[in-house]
There are 2 protein chains.
Amino acid sequence: MQKRNYNQACSLAVALDLIGERWTWLIIRALLTGPKRYGELLDQLPGIGTNLLADRLKSLTGLNVAEKSGQGRQAAYQLSETGEQLRPITHELIRWGRHFPAQMDANAVSRPEWDMLAIEAMFQPDRAEGVNAILEFILSGFNFHLVLRNQTCRAVTGPAINPDVKITSDSATLMAIANQQTTTQKAEQKIRLKIEGDREVFNLLFALFE
Amino acid sequence: MQKRNYNQACSLAVALDLIGERWTWLIIRALLTGPKRYGELLDQLPGIGTNLLADRLKSLTGLNVAEKSGQGRQAAYQLSETGEQLRPITHELIRWGRHFPAQMDANAVSRPEWDMLAIEAMFQPDRAEGVNAILEFILSGFNFHLVLRNQTCRAVTGPAINPDVKITSDSATLMAIANQQTTTQKAEQKIRLKIEGDREVFNLLFALFE
DNA sequence: CTGCATCCGCCTCGATACTG
DNA sequence: CAGTATCGAGGCGGATGCAG
């Protein structure tokens, strides 16, 4: 029972044999925001079959793209170093996908973790020289933080240790400010935005991201 | 008859809905080396069903990732500007695929056009400051050329207008020289390599590429 | 002969049920 | 909670047909 593959002497075809099947890249997307357990992956991949998720995870760990830690009830999956190298490629593919807003269905499902990776993808390293900051977010109740350092941006789930600023809001409000459809002041008045800490660091959001 | 899609509010999922199906990215790979006709695409995609190729091409042109020019006998397909933006992403995925040489089957099929894109992918822009050169290749009878300019590298099918150097060889020989398993002199003695023109430009091959 | 469209067998996928 | 087993539906692969 050989898995279907292109069988071409071409690194692109090999890469697509490994991560080009349905759902596989989305599993990697989920793992790019940190280690996940089987059930968490199921939640972040609405519509995937449970057998398919198990198959893909076995394949990814077998290729050393991902790694399994723990057993049974405490099993968790995380990316290996090889898998981690898919992060910049995934960022670029996210940016490319923005050419097709019309393909985004109105009743499409959504998960806050997906926004985390989109934020990483919109980060502009060349504008961030010398920037060193930590921003904590609570967007619609979901908590994560951004680490800006050495002209890189990493989004991590959960609270930050010593954030420069803590932002409580939702993604729509922040997008509206970025697109200048409203202002920080107005959003705060309507209690759709709360800024605790260094407001200059908050403004980095609109200076360093697309 | 709705096409299967992830239906997620996530640009990555949208991108994968468009180019994540089987064969689609390989069609783009073929178009990245220049406009192709239907029959040429079939040849570069061994194993694809003829109906599937027609379906994918309709989908790609409908999304304005590719464009169709001409009709009937002279129909040809080429990438749009949006499709062209997949070039750097494809380069990175080619580089990533090199982590898995074991997955490359011994009796895998091969096409010289695939090497063209691999060469582009291995180009190191930061080593190419001020380089301005054109190299023409005839590898196992297949003719193409490289344009090095402004720290970019583009591989184009067919002969060059005024190449700085013309190289007649095969990819295995060039790889052997790059890996220092043999030397330029020895390869020339065995008539596995012929260099006409500027030998300094020929040596760029091993200075600017990985 | 090139550029597709149609048809059919097969394999992957998606959903549900079930087990440790 | 973390998977495995099963089965119907649908996308895929190959052969064939056909029009320009």
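Within every chain, numbering begins at 1; the chains are lettered A, B, ... in the order of the sequence lines, protein sequences first and strands thereafter.
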**Report entry** Of A:Lys58 and A:Tyr6, the one whose closest DNA chain D nucleotide lies more 5'
**Finding:** A:Lys58
Query raised in the report: Once you round it to whole Å, what is the distance between P of C:dC13 and CG of A:Asp55?
Result: 8 Å
Query raised in the report: Between D:dA15, D:dG3, C:dG3, which nucleotide gets closest to the side-chain atoms of B:Thr50?
Result: D:dA15
Report task. Return no unless some side-chain N or O of B:Trp23 is found under 4.0 Å from OP1 or OP2 of D:dG11. Result -> no
Query raised in the report: From the list D:dG3, C:dC7, D:dC1, which nucleotide is the closest neighbour of the side chain of A:Ala54?
Result: D:dG3
Requested in this report: Could you state the atom-to-atom distance from CG of B:Leu52 to C1' of C:dG9 in whole Å?
Outcome: 16 Å
Query raised in the report: For C:dG3, does either OP1 or OP2 sit under 4.0 Å from a side-chain N or O belonging to B:Lys36?
Result: no
Query raised in the report: Do any N or O atoms from the side chain of B:Tyr6 and from the backbone of A:Pro46 form a donor-acceptor pair under 3.5 angstrom?
Result: no
Query raised in the report: Between B:Asp105 (side chain) and B:Ala108 (backbone), is there a donor-acceptor pair under 3.5 Å?
Result: no
Report task. Count the heavy atoms of every other residue, nucleotide or ligand shown that sit under 6.0 Å from CZ of B:Arg22, and state whether that count exceeds 12. Result -> yes
**Report entry** Neighbour count above 12 (heavy atom, 6.0 Å) for A:Asp126 CG
**Finding:** yes
Query raised in the report: Does OP1 or OP2 of C:dC10 have a side-chain N or O of A:Arg4 closer than 4.0 Å?
Result: no
Query raised in the report: Taking atom C1' of C:dC13 as reference, at what distance in whole Å does atom CG of B:Leu16 sit?
Result: 17 Å
Report summary line: Judged by nearest nucleotide, the residue sitting upstream toward the 5' end of DNA chain C, A:Gly47 or A:Arg73, is A:Gly47
Query raised in the report: Should A:Arg56 be listed as having a side-chain N or O under 4.0 Å from OP1 or OP2 of C:dC13?
Result: yes
Query raised in the report: So does A:Arg22 get a side-chain nitrogen or oxygen closer than 4.0 Å to the phosphate oxygens (OP1/OP2) of D:dG11?
Result: no
Query raised in the report: Can you tell which of C:dT6, C:dC4, C:dG14 lies closest to the side chain of B:Lys68?
Result: C:dC4
Requested in this report: Please report, rounded to the nearest Å, how far the P atom of C:dG3 is from the CG atom of B:Leu57.
Outcome: 11 Å
Requested in this report: Please check if atom CD in A:Glu81 has more than 12 non-hydrogen atoms from other residues, nucleotides or ligands closer than 6.0 Å.
Outcome: no
Query raised in the report: Between atom CG in B:Asn5 and atom P in C:dG14, what is the gap in whole Å?
Result: 11 Å
Query raised in the report: Between the side-chain atoms of A:Asn51 and the base atoms of D:dG3, is any donor-acceptor pair under 3.5 Å?
Result: no
Query raised in the report: Does A:Tyr77 place a side-chain N or O at less than 4.0 Å from the phosphate oxygens OP1/OP2 of D:dG3?
Result: yes
